[in-house]
Amino acid sequence: MIIQRVVLNSRPGKNGVPVAENFRLEESTIADAIQAGQVRVRTLYLSVDPYMRCRMNEDTGSDYLLPWQLSEVADGGGIGVVEESKHDSFAKGDFVMSFNWPWQTVAILDGSLLQKLIPQLVNGRLSYFLGAAGITGLTALLGIKEKGHVAVGANQTMVVSGAAGACGSLAGQIGRLEGCSRVVGIAGTDEKCSILVQEMGFDAAINYKKGNVAEQLREFCPGGVDVYFDNVGGDISDTVISQMNQNSHIILCGQISQYNKDVPYPPPLSPDIEKIRKERNITRERFLVLNYMDKQEASVLQLCQWIQEGKLKVRETVVEGLANIGAAFQSMMSGGNIGKQIVSVSK
């Protein structure tokens, strides 16, 4: 069977900025027949995520992420529909998901690696299982629960950097649902800031490309910062940490400002900021959602319930066509998206 697939065409280098041309669309073939335990699936949606930047390097810098190989098919979170099954758990027409879905139009996968999806849980929006009801939502929810120490009635203020991104836009809302009394986002355009406040319920949002971020933080967080959901690192995080309270908490989710630099993860803080962190007893522990997968099922159900009740607003940036996944990746890494970046492969 002839298929289309996307392979890693070139590496941007550890300090390089990814471009669409780092990926290449090509024709390939898969077997016409499947073996026992296998499932043939047609790809519907693929997820494009910041962590994938690390997989473009020969060394990902992580013991749980494998690098993509040159001229080999890329992979990540994906959703598809079963066309043929020789696995007892799946039948033709089932919707399924995998965290290691190949970037190709049709694939033959080991059924044991697939998870069956129930569209009704997300009001029929299957792509949500790659975002708000998937690993992105889990990262936001479990990060807040495990590292944020949020308590109802504690009058806590949360700040979220990268707040208009896939994880940040959910984290701010979840922080409120879990008990934060004030939520402030940091984003890169006026449009993003407006969406955060008017649509997603943030109390305020700061455009870090305009004005003085430190002054605006003091205005919007007069009692200081108790919880910081950190998606970006760098200068913005230094500014937030400088205004954090005694015994406050940093949820170290991502450091997208550092992903095109050859630095360790998590990047060390500058001596001045590290001194503040220690003096104020601010926690800053690496958070990896995969360490909490025993809580996955209950957490996904909670996320789905919030979606169904309209308490969790979801934004997606959807790009049509497998051929455009490289451009989607470049756009996502440049911060041009609002919400989750999804590629729709076929209808």
Side-chain angles (χ1 to χ4, degrees), residues 1-10 12 17-30 40-53 55-56 68 72-83 93-109 114 117 119 122-137 164-170 188-189 191-192 195 199 256 307 313-347:
M1 178 184 295
I2 297 174
I3 63 165
Q4 287 188 317
R5 68 178 192 171
V6 170
V7 303
L8 185 65
N9 187 51
S10 59
V17 177
V19 294
E21 290 73 24
N22 291 134
F23 300 96
R24 182 177 76 245
L25 181 71
E26 63 181 27
E27 280 195 348
S28 186
T29 59
I30 59 172
R40 189 177 77 243
V41 292
R42 177 166 52 87
T43 305
L44 299 177
Y45 300 104
L46 295 171
S47 177
V48 179
D49 301 285
Y51 82 87
M52 294 174 171
R53 173 62 185 87
R55 301 192 68 189
M56 299 180 80
W68 288 328
E72 295 293 331
V73 66
D75 69 308
I79 290 172
V81 60
V82 175
E83 293 190 328
D94 285 346
F95 295 107
V96 293
M97 178 178 73
S98 171
F99 294 128
N100 301 107
W101 198 287
W103 288 6
Q104 56 193 56
T105 50
V106 179
I108 295 174
L109 302 176
L114 296 174
L117 301 177
V122 287
N123 300 325
R125 297 292 297 271
L126 275 172
S127 57
Y128 283 9
F129 283 114
L130 293 175
I135 200 76
T136 310
C167 196
S169 60
L170 299 172
T189 68
E191 179 193 9
K192 291 178 179 180
I195 289 170
E199 183 177 317
I256 195 170
I307 291 170
K313 304 294 193 301
V314 182
R315 275 274 186 152
E316 293 180 324
T317 300
V318 181
V319 173
E320 299 287 340
L322 184 63
N324 296 315
I325 199 166
F329 187 86
Q330 179 179 342
S331 176
M332 180 267 302
M333 286 300 300
S334 68
N337 304 328
I338 298 175
K340 180 73 176 180
Q341 176 74 73
I342 298 289
V343 174
S344 175
V345 177
S346 61
K347 299 295 185 184

Spatial distance of atom [atom1] ([X]) from atom [atom2] ([Y]) [nearest 0.5 Å]:
X: Met1; Y: Ile108; atom1: CE; atom2: CD1; value: 7.5 Å
X: Ser344; Y: Leu322; atom1: OG; atom2: CG; value: 10.5 Å
X: Leu130; Y: Leu44; atom1: CG; atom2: CG; value: 10.0 Å
X: Thr29; Y: Ile3; atom1: OG1; atom2: CD1; value: 7.5 Å
X: Phe99; Y: Ser47; atom1: CZ; atom2: OG; value: 10.0 Å
X: Leu46; Y: Ile325; atom1: CG; atom2: CD1; value: 4.5 Å

Between [Y] and [X], is there a side-chain heavy-atom distance shorter than 4.5 Å?
X: Trp68; Y: Asp75; result: yes
X: Phe23; Y: Val7; result: no
X: Arg53; Y: Pro12; result: yes
X: Leu25; Y: Gln4; result: yes
X: Tyr45; Y: Glu316; result: no
X: Met332; Y: Met52; result: no
X: Val96; Y: Trp101; result: yes

Would you say the side-chain atoms of [X] pair up with the backbone N or O of [Y], donor to acceptor, closer than 3.5 Å?
X: Gln341; Y: Val48; answer: no
X: Ser98; Y: Leu114; answer: no
X: Ser346; Y: Thr43; answer: yes
X: Ser331; Y: Ala328; answer: no

Considering all heavy atoms of both residues, which atom of [X] and which atom of [Y] are nearest to each other, and what is their separation?
X: Ala107; Y: Pro102; answer: CB-CG, 3.7 Å
X: Pro18; Y: Met333; answer: CG-CG, 4.3 Å
X: Asn22; Y: Ser10; answer: ND2-OG, 2.9 Å
X: Ile307; Y: Ala132; answer: CD1-CB, 3.9 Å
X: Ser127; Y: Ile79; answer: CA-CD1, 4.3 Å

List the residues meeting side chain to side chain donor-acceptor pair (under 3.5 Å) with [X], not counting sequence neighbours, and say none if there are none.
X: Asn324; result: none
X: Trp103; result: none
X: Glu191; result: none
X: Thr105; result: none

message: Tell me every residue that passes side chain to side chain contact (heavy atoms under 4.5 Å, CB included) with Asn9, counting only those two or more places apart in sequence or in another chain.
response: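 Scan of Asn9 (side chain to side chain contact (heavy atoms under 4.5 Å, CB included), adjacent residues dropped) gives Arg24.
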query: Residues in salt bridge (Lys or Arg N to Asp or Glu O under 4.0 Å) with Lys340, at least two apart?
result: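 Result, salt bridge (Lys or Arg N to Asp or Glu O under 4.0 Å) vs Lys340: Asp49.
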Pair Ser28-Gln104, side-chain donor/acceptor within less than 3.5 Å: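 The criterion, which ignores hydrogens and geometry beyond distance, is not satisfied for Gln104 and Ser28.
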